[in-house]
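Lettering follows sequence order; numbering is per chain, from 1.
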Number of protein chains: 2
Amino acid sequence: MGKAMTANGFQIGKPSSLPADELSRELLRLLAADPRRNASELARDLGVSAPTVRDRVRRLEEAGVIRGYRLDVDPAALGLPVAAWVRLRPGPGQMSRITELAERTPEVSECHRISGEDCFLIKVHVAELAALEGVLDRFLVHGQTTSSLIVSTPVPPRPLLP
Amino acid sequence: MGKAMTANGFQIGKPSSLPADELSRELLRLLAADPRRNASELARDLGVSAPTVRDRVRRLEEAGVIRGYRLDVDPAALGLPVAAWVRLRPGPGQMSRITELAERTPEVSECHRISGEDCFLIKVHVAELAALEGVLDRFLVHGQTTSSLIVSTPVPPRPLLP
DNA sequence: CATGAAACTGGCGTGAT
DNA sequence: ATCACGCCAGTTTCATG
């Protein structure tokens, strides 16, 4: 059950060899452009049958290449137009506290453990600037914070399929 | 053509009033859990008809509440197991250069303009640690960089629907 | 390739403004 | 009277074995 290769012979995690079977790669590219396209349509574009496409997708899912499908909702439409990246430097023995707090804080949409002087990077969404204070206060109990408001997002999250 | 309200009376960007019609909110919650569920199934769970679900989804898309649907692919499976957050402090007059460079650099999966001492935060994916050097070099032409390797992601990107 | 299910479309009823 | 919203029933298309 190695992670380097799937049951179908896809080579993954090996940059020097072909990173994935060519058909799967093209399939992933099409799905990245629109994850809701149905199998028949994809089959036409790829020059294979629809069942082949469905099998490929299922295998890519089972192999963990496709981790999932996400709905991208505008936070502003949910009443949370202000976003910030916050770096956290936990006090001694506060590491696990931080991850637990991030996990159960609804304003936190992601949390990364990083190297460097700060140990965590979290993304926070609030209704107005003043509401950031309350969130920061909760984390300040366990360490220092450095906040950066997100002014714009010139490159929104995009697929890594060049 | 204001942004505060859609043609259908959905109130958006107004935290104090209900952020969206209750049916839409529940629909968004179900879609966030699994964006690929079909309309018929959603209709059963919501107690409405399938065409109603489709209409709601279409309207939420047109209103920009649903920005899109994303495929979540494991970068490691594409041969890019190493990820880092890099803060960028551009030199004088280099702001637009940075966004353009981020846009056309395939290793960059997202780029945010932020407040604070650094002006940008970008996410970079590479095959091995050594490959980060090449990417940094390209940005160092336009300013200073501060890199943090992503060691783990305790809270992966998640929906903001408490 | 056949069958059952789901997606789309146009038209109608209802309730609020 | 109008408009927004949801439902129904037609046909076409797709998924699944």
Side-chain angles (χ1 to χ4, degrees), chain A residues 6-10 20-74 76-79 159, chain B residues 1-73 159 161:
Chain A
T6 76
N8 324 304
F10 299 149
D21 176 67
E22 197 48 45
L23 176 59
S24 293
R25 202 172 173 82
E26 199 53 41
L27 175 56
L28 285 174
R29 202 188 316 276
L30 292 174
L31 276 179
D34 180 6
R36 291 188 317 163
R37 288 185 66 188
N38 60 34
S40 317
E41 212 178 336
L42 293 166
R44 273 192 289 275
D45 285 9
L46 292 167
V48 297
S49 76
T52 299
V53 169
R54 292 191 310 105
D55 282 3
R56 280 288 167 132
V57 171
R58 189 177 43 75
R59 279 186 237 146
L60 288 168
E61 288 170 350
E62 286 169 358
V65 176
I66 294 178
R67 283 195 294 211
Y69 305 82
R70 309 269 171 260
L71 182 71
D72 184 3
V73 176
D74 181 7
L78 299 174
Chain B
M1 294 292 203
K3 270 182 60 181
M5 190 172 296
T6 75
N8 321 305
F10 297 150
Q11 291 171 11
I12 59 183
K14 298 282 189 59
S16 51
S17 48
L18 34 154
D21 178 64
E22 197 48 46
L23 177 59
S24 294
R25 200 171 175 85
E26 199 53 41
L27 175 56
L28 285 174
R29 203 188 315 275
L30 291 173
L31 277 178
D34 180 4
R36 291 189 314 162
R37 289 186 65 188
N38 61 38
S40 314
E41 211 178 338
L42 293 167
R44 275 191 289 274
D45 285 11
L46 293 168
V48 296
S49 75
T52 296
V53 170
R54 278 190 284 273
D55 279 3
R56 281 305 249 254
V57 171
R58 187 177 41 75
R59 276 182 245 146
L60 287 168
E61 289 170 350
E62 287 170 357
V65 176
I66 294 179
R67 283 194 295 212
Y69 304 83
R70 310 272 170 256
L71 182 70
D72 182 4
V73 176
L161 297 164

How long is the line joining [atom1] of [X] and [atom2] of [N], in whole Å?
X	N	atom1	atom2	value
B:R44	D:dC7	CZ	P	14 Å
A:R56	D:dA15	CZ	P	17 Å
B:L23	D:dG6	CG	P	6 Å
A:R58	D:dA15	CZ	P	15 Å
A:D55	D:dG17	CG	P	10 Å

Inset, instruction - Would you jot down, in residue-number order, the residues of residues 29-41 of chain B having a non-hydrogen atom under 4.0 Å from DNA chain C? - result: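 Those residues are B:N38, B:A39, B:S40.
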Inset, instruction - Determine the stems involving DNA chain C; a stem requires 3 or more consecutive pairs of the Watson-Crick or G-U wobble kind, each with both distances below 3.5 Å, and the answer is none if no such run exists. - result: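 For DNA chain C the paired stretches long enough to count as stems (3 pairs minimum) are C:1-7 with D:11-17, C:9-17 with D:1-9.
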Legend entry - Inter-residue atom distance A:L71.CG - B:L31.CG, 0.5 Å rounding: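 Between atom CG of A:L71 and atom CG of B:L31 there are 5.5 Å.
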Legend entry - D:dC5 phosphate, OP1 or OP2, under 4.0 Å from B:R59 side-chain N/O: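 True: B:R59 side-chain N/O within range (under 4.0 Å) of D:dC5 OP1/OP2.
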Inset, instruction - May I ask you to verify if any side-chain N or O of B:S49 is less than 4.0 angstrom from the OP1 or OP2 atom of D:dG6? - result: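 False: B:S49 side-chain N/O out of range (4.0 Å or more) of D:dG6 OP1/OP2.
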Side-chain heavy-atom pair [X], [Y] within 4.5 angstrom cut-off:
X	Y	result
A:L30	A:E41	no
B:R67	A:V73	no
B:L27	B:L60	yes
A:D74	B:V65	no

Can you see which heavy atom on [X] is nearest to which on [Y], and at what distance?
X	Y	value
B:P35	B:Y69	CB-CD2, 4.1 Å
B:L161	B:A32	CD1-CB, 3.7 Å
A:R54	A:A39	CG-CB, 3.5 Å

Legend entry - side chain to side chain contact (heavy atoms under 4.5 Å, CB included) partner of B:L28, the single match among B:I66, B:L23, B:V57: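 For B:L28, the side chain to side chain contact (heavy atoms under 4.5 Å, CB included) check succeeds only for B:I66.
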Legend entry - Side chain of A:R54 (C-beta onward), nearest among D:dT16, C:dA7, D:dC7: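 For A:R54, the side-chain atoms sit closest to D:dT16.
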